[in-house]
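Reading through the structure tokens given below for one structure.
Every number for a ligand or one of its atoms is a count from 1 in the order of the listing.
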Amino acid sequence: MINYTEKIPNNVDLGRDRVLQRALEHWQPAYMGWWYDMGPNESHNYEVYLRTAISVEPDGWAQFGYVKMPDYRWGIFLQPRDEKREVNFGIHKGQTAWQEVPGEYRSTLRRVIVTQGDTEPASVEQQRMLGASCPSMYDLRNIFQVNVEEGRHLWAMVYLLHRYFGRDGREEAESLLARRSGDADNPRILGAFNEATPDWLAFYMFTFFTDRDGKFQLCALAESGFDPLARTCRFMLTEEAHHMFVGETGVGRIIQRTCEVMKESKAEDPSDVRALGVIDLPTIQRYLNFHYSVTLDLYGSDVSSNAANYYTSGLKGRFRETKLNDDHVLTDAEYPVSEVVGGTIITKNVPALTALNERLRDDYIDEIADGVGRWQRVIDSAGIPFRLTLPHKGFHREIGNFAGQFISPDGEVLSEEAWKNHEFEWLPSPKDYAYVLSLMSGRVVEPGRFANWIAPPARGVNNQPLNFEYVRFN
Ligand SMILES: [Fe+2]
Ligand SMILES: [Fe+2]
């Protein structure tokens, strides 16, 4: 169980290491300063019906109750240690899993942890203004839940930095509070985390697509030979599932509402659909194209010697590494990657070790395709002849083999000019953003009421009714 009488709740016996405890207690006010400045806007007095982790056991790990967000108990929770755990891949395969950082991998591991840690506060910053335009109290509570948990994920990474990386780690922990999403001088590390999340459709797309990138990165790190990292990530994954649920059901409810209105009114043309105050399906497709392509870039270059090194050294595994049936060393294995040669997309085999980014991206795409299929079923069961599709992997990419190419969603290699002529058929235009934003000019917060452009969810949070008072504004 987690000791909640301590200043920093934890299950890592923090009280036994006074130096570490003091260092983290020193970082805590800086974190609170960041939360007050960059956490959800004007929310500090709200009482929010939140879940808080109370144990790391799979059953009953969370407790629900009203919390003012600045009083949320951000803590340090690791999955319990398995004494028999080994390094399961790479050249150290078969060694006992490391409890301390191997000296030769110190800077690599630090960079991996900082890169993951940086995404957590970034998304809170990206979402901080959305409370003012929420479609319901239920949704407002959900975004706050996501935000406090991203804050906790930052704590998780900062614990590792402080505990295992000494002075360098402490400096990195400070920098994590200093960078700002979208800031020209001191931006967040990865591209997608510097994009704006201007409206709720973008928020749901972000939690569906980009939080799922988080899931896949965490899954790969949960395989790490560095055991404290693996155990930290395993517990983070428990929380991450809810974020993706918010995204998938959020987009699904928007689609559902649009389809209901289209059926009732027999409107088909996007401008007629918009006149009824809901989001037309082609606009949803364009948002999907944007968030999907920007998130694909987060996996990095298709062919990467860094990825090979992370794997060979035992620092970052593949998705479900221990469930895979091969030698877990990959010296002779190959993997297909695509590139553009002479105006056409070709696929060729490269050493599997160098293609691990691409492989993780492909695993991610499989899961994404399932989710998009579930959205499609909502459209199909309304009897509306519209197909949501995932664009080609090379569409709108800035990193990897497709960077600098102009690929259509169908996978056609185009000239820059031809691509630009279609840009706003494929990606949201300023007019699309303005329209979506116009639907969200104020917040809907009477218990049980939902904005016109989104259907209510199938059920409330923690078996509470839909008209439960999920947020008390005081
Ligand atoms: Fe997270
Ligand atoms: Fe998340």
Side-chain angles (χ1 to χ4, degrees), residues 31 34-35 38-40 48 50-53 56 61-62 69 72-79 112-128 130-131 139-161 172-173 176-177 179 181 188-195 197 200 202-222 224 229-251 291-292 294-295 298-299 316 319 360 364 367-368 371 461:
Y31 171 80
W34 168 81
W35 180 268
M38 298 312 293
V48 187
L50 292 178
R51 72 176 182 189
T52 303
V56 293
W61 63 275
M69 282 187 284
Y72 185 80
R73 304 304 309 276
W74 284 286
I76 299 162
F77 315 129
L78 272 65
Q79 207 100 104
V112 169
I113 293 170
V114 166
T115 306
Q116 177 62 41
D118 192 67
T119 66
E120 314 288 356
S123 63
V124 176
E125 293 165 3
Q126 288 169 295
Q127 296 160 15
R128 69 182 298 265
L130 291 175
D139 290 281
L140 185 62
R141 176 265 166 213
N142 278 348
I143 196 173
F144 289 158
Q145 183 73 61
V146 170
N147 293 158
V148 293
E149 287 174 353
E150 300 305 4
R152 208 203 65 73
H153 293 175
L154 172 61
W155 270 94
M157 294 297 113
V158 164
Y159 164 72
L160 295 175
L161 290 170
E172 294 284 12
L176 284 168
L177 295 175
R179 285 185 285 271
S181 175
R188 292 294 172 184
I189 296 170
L190 300 169
F193 293 89
N194 289 304
E195 300 282 351
T197 308
W200 280 76
F203 167 69
Y204 296 129
M205 290 286 179
F206 185 97
T207 41
F208 178 79
F209 286 103
T210 311
D211 281 68
R212 193 177 313 273
D213 159 70
K215 168 189 166 173
F216 277 78
Q217 300 299 339
L218 291 176
C219 282
L221 296 176
S224 182
L229 175 60
R231 288 157 54 212
T232 308
C233 291
R234 284 188 194 281
F235 187 67
M236 290 163 76
L237 283 164
T238 319
E239 293 168 322
E240 205 62 66
H242 172 69
H243 308 178
M244 291 177 291
F245 163 86
V246 168
E248 181 170 332
T249 54
V251 175
H291 287 271
Y292 177 63
V294 166
T295 305
L298 290 173
Y299 291 84
K316 183 177 176 184
F319 183 55
L360 194 59
Y364 166 84
E367 207 178 274
I368 285 289
V461 177

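Ordered by chain and number, E150 OE2, D211 OD2, E240 OE2, H243 ND1 make up the set of protein N, O or S atoms under 2.8 Å of the Fe ion (ligand 2).
Under a cutoff of 6.0 Å and an axis angle of 45°, R212 and F208 form a cation-pi pair.
A side-chain N or O of E150 and one of H243 form a donor-acceptor pair less than 3.5 Å apart. In summary, the side chains of Q145 and H242 do not present any donor paired with an acceptor at a separation below 3.5 Å, with no hydrogens or angles considered.
The backbone N or O of T207 lies less than 3.5 Å from no partner atom in the side chain of T210, so there is not a single donor-acceptor pair. One N or O on the side chain of Q126 and one on the backbone of A192 form a donor-acceptor pair closer than 3.5 Å.
Contacts classified as salt bridge (Lys or Arg N to Asp or Glu O under 4.0 Å) and involving residues 112-121 (residues at least two apart or in different chains) are given here: D118-R179, D118-R188.
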